[in-house]
Amino acid sequence: MQFEYDNPTRVIFGAGTLARLGELTRPHGQRALVVTGGGSVKRSGLFERATKSLGDAGITVFECAGIEPNPRLSSVKRGAAIARDNGCDVIVALGGGSTMDASKAIAAAVFHDGDPWDMIYHGQPHPHVPTRALPLIAVPTLAATGSEMNSGAVISNEETTEKSFMRADCLYPRVALLDPELTLGVPRDQTAYGVCDLITHVTESYFNGVDDTPLQDRFAEGVILTALEYGPRAIANGADLEARAQIQWAATLALNGWVNVGTNGGYPVHMIEHTVSAYHDITHAAGLAIINPAWMRFAARHRPARFVQFAQRVFGLPAQGPDDLAAALAGIDRFEAFLKSIGCPTRFSELGIGDALIETYARDTVRIINDGKGNLPGRPPMSEADIVAVLTAAL
Ligand SMILES: NC(=O)c1ccc[n+]([C@@H]2O[C@H](COP(=O)([O-])OP(=O)(O)OC[C@H]3O[C@@H](n4cnc5c(N)ncnc54)[C@H](O)[C@@H]3O)[C@@H](O)[C@H]2O)c1
């Protein structure tokens, strides 16, 4: 195992910390573009509290509202124009993963001559990796993506029906302000999707990574067990601050590079989901809840021991030996049952999606990311036919 780890994001965690937003933003700029989503932060009063804190610190506020779930390239262009026109020198993202991702893309687009879509990964070569971005302060209002403490941003291009990501060191937020009180109003379904999203982030590296990563395995299992314990509590009672706090930190940790450091795994489930949601604009984690168990049943046959470990350590299931496929599949069944129990869909038919475009999703997925031999990276690498088989099993 070899790795290098560097995460420059400063984390401020705790109920009530939103009041410190101005103080934490001020060292990074004086003219803030506050980026928000569909309006929940206005209805809940969060926007007013955030902008008051910024104003009290002497920061002038400009606004880019209306970032949609699965944020669109057109919104990135609109936000970059507002930032440029007003000489903004810092960006504050106040919202879910969509708002934070759009904010990262806006932060880089301000310095990019040309179409921001150039900066999105479309396979190798990738000549326009961003090297400069406005400083970003991330204030998540939803526990899910971990975008607040990583360097990635997922953007949809509504004109080309593509969804892919940009990733660059300059996109790490300078500060992640994690105030679990901001998540108390998240509706049940979005809370459940957040739980599914964070679990899927760690299952990707857990199942696709290299062998002999015992500490990373335990971290991943710890994140999953925390989500299994506190997720249902937060869903049953949205006002349970303790449960909200545990889920929020689990979500941040799940994708800040710490759990999966050195594992070198691919993200096949995410990559397939991105292609499906480019066509159907479904909630990201709803797509993950459908694809992940189907992918696990496919991958377990190639690497049963890892799935047996999952069944034993996460669900306490017995096994006859390290390669006991029946035990591995029983663990996957339990995982799928958990997703169902919190209200996630586990079949495409529940979202009204049929098989008409299955070959297209598979082709688009390997077009965006492949190992040079036409396969989607992961354990095992997946051919287009494998992707079709997994998606068919999830219909
Ligand atoms: N950058 C990353 O590391 C990363 C990782 C995973 C997923 N993603 C991407 O992030 C996006 C999904 O983000 P998300 O799951 O955080 O959801 P989201 O940001 O799309 O928000 C989902 C819904 O919840 C609402 N919402 C947010 N906060 C709320 C609150 N406090 N109260 C009430 N409603 C609230 C939003 O308005 C929206 O309607 C997808 O595009 C996905 O591909 C990014």
Side-chain angles (χ1 to χ4, degrees), residues 7 9 18 35-47 49-50 65-73 75-76 93-105 107 120-121 136 138-158 162-168 171-173 176 178-202 204 234 238-239 244 247-248 251-257 260 267 269-278 280-289 344:
N7 188 320
T9 302
L18 180 65
V35 182
T36 61
S40 70
V41 293
K42 297 267 172 77
R43 292 189 292 277
S44 63
L46 286 184
F47 181 78
R49 285 168 56 202
I67 301 296
E68 49 288 295
N70 298 325
R72 295 183 182 175
L73 182 63
S75 297
V76 173
L94 183 63
S98 297
T99 298
M100 292 188 282
D101 283 6
S103 299
K104 289 176 179 174
I120 294 287
Y121 185 82
L136 172 65
V139 188
T141 60
L142 178 57
T145 63
S147 182
E148 61 273 13
M149 202 182 169
N150 69 41
S151 61
V154 187
I155 303 296
S156 294
N157 185 334
E158 60 272 42
E162 284 175 282
K163 181 177 183 181
S164 187
F165 60 91
M166 63 172 75
R167 191 161 52 217
L171 299 180
Y172 278 103
L178 305 175
D179 182 342
E181 278 183 359
L182 310 193
T183 68
L184 292 176
V186 177
R188 274 170 178 238
D189 59 344
Q190 291 297 341
T191 306
Y193 293 145
V195 169
C196 171
D197 196 23
L198 80 89
I199 292 176
T200 312
H201 290 152
V202 300
E204 293 270 40
R244 292 289 194 184
I247 292 300
Q248 178 139 43
T252 303
L253 209 62
L255 201 60
N256 71 354
N260 64 351
Y267 278 76
V269 175
H270 274 74
M271 294 306 132
I272 298 169
E273 195 289 326
H274 287 172
T275 325
V276 177
S277 58
H280 300 284
D281 205 10
I282 56 175
T283 300
H284 171 61
L288 296 176
C344 290

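Every number for a ligand or one of its atoms is a count from 1 in the order of the listing. The figures that follow rest on heavy atoms only: side chains count, while hydrogens, waters and symmetry mates do not. Since this is a predicted model, take the numbers as computed values, not measurements.
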Side chain, backbone, both or neither: the part of Asn150 lying under 4.0 Å from ligand 1 by heavy atom: side chain
Atom 4 (C) of ligand 1 - nearest protein heavy atom and its distance: Thr145 CB, 3.7 Å
Ligand 1 to Asp101 polar contact by distance, N or O atoms, under 3.5 Å: yes
Sole residue of Thr9, Leu255, Leu253 in side-chain contact (heavy atoms from CB on, under 4.5 Å) with Met149: Thr9
Per-atom contacts, ligand 1 versus Val154 - under 4.0 Å to a heavy atom: 43 (O), 44 (C)
Short side-chain to backbone donor-acceptor contact, Lys104 and Gly152, under 3.5 Å: yes
Nearest heavy atoms of Tyr193 and Ala285, plus distance in Å: O-CB, 3.0 Å
Under 4.0 Å to a heavy atom of Thr141 - the qualifying atoms of ligand 1, by number: 27 (C), 28 (N), 29 (C), 30 (C), 31 (N)
Ligand 1 atoms in contact with His201 (distance to a heavy atom under 4.0 Å): 5 (C), 6 (C)
Contact summary for Gly97 and Thr145, nearest pair of heavy atoms: CA-OG1, 3.6 Å
The single option from Ile272, Thr283, Val269 passing side-chain contact (heavy atoms from CB on, under 4.5 Å) against Leu288: Val269
Nearest heavy-atom neighbours spanning Ile247 and Ala143: CG2-CB, 3.8 Å
Ser98, portion touching ligand 1 at heavy-atom distance under 4.0 Å: both
Which of the ligand 1 atoms, numbered from 1, are nearer than 4.0 Å to a heavy atom of Leu255: 3 (O), 5 (C)
N or O pair under 3.5 Å between Gly152 and ligand 1: yes
Under 3.5 Å: donor-acceptor pair, side chain of Asp101, backbone of Val154: yes
Any donor-acceptor pair under 3.5 Å from Asn7 side chain to Gly257 backbone: no
Flag, side chain of Lys42 to backbone of Thr36, donor-acceptor distance under 3.5 Å: no
Any N or O of Gly97 closer than 3.5 Å to N or O of ligand 1: yes
Main-chain N/O of Thr183 paired with Arg244 side-chain donor or acceptor, under 3.5 Å: yes
Heteroatom proximity flag, Leu182 to ligand 1, N/O under 3.5 Å: yes
Per-atom contacts of ligand 1 with Gly185, taking only distances under 4.0 Å to non-hydrogen atoms: 32 (N), 33 (C)
Min N/O separation His270 to ligand 1 under 3.5 Å: no
Heavy-atom protein neighbour under 4.0 angstrom from atom 36 (C) of ligand 1: no
Min N/O separation Lys104 to ligand 1 under 3.5 Å: no
Parallel, tilted or perpendicular: ring planes of Phe165 versus Tyr121, cut at 30 and 60 degrees: parallel
Under 4.0 Å to a heavy atom of Gln190 - the qualifying atoms of ligand 1, by number: 22 (C), 23 (C), 24 (O)
Flag: protein heavy atom within less than 4.0 Å of atom 25 (C) of ligand 1: no
Which segment of Pro187 sits under 4.0 Å of ligand 1 when only heavy atoms are counted: side chain
Sub-4.0 Å atoms of ligand 1 with respect to non-hydrogen atoms of Pro71: 41 (O)
Leu46 and ligand 1 - part of the residue with a heavy-atom distance under 4.0 Å: neither
Check: Ser156/Asn70 side-chain N/O donor and acceptor closer than 3.5 Å: no
Backbone or side-chain N or O of Lys163 under 3.5 Å from ligand 1 N or O: yes
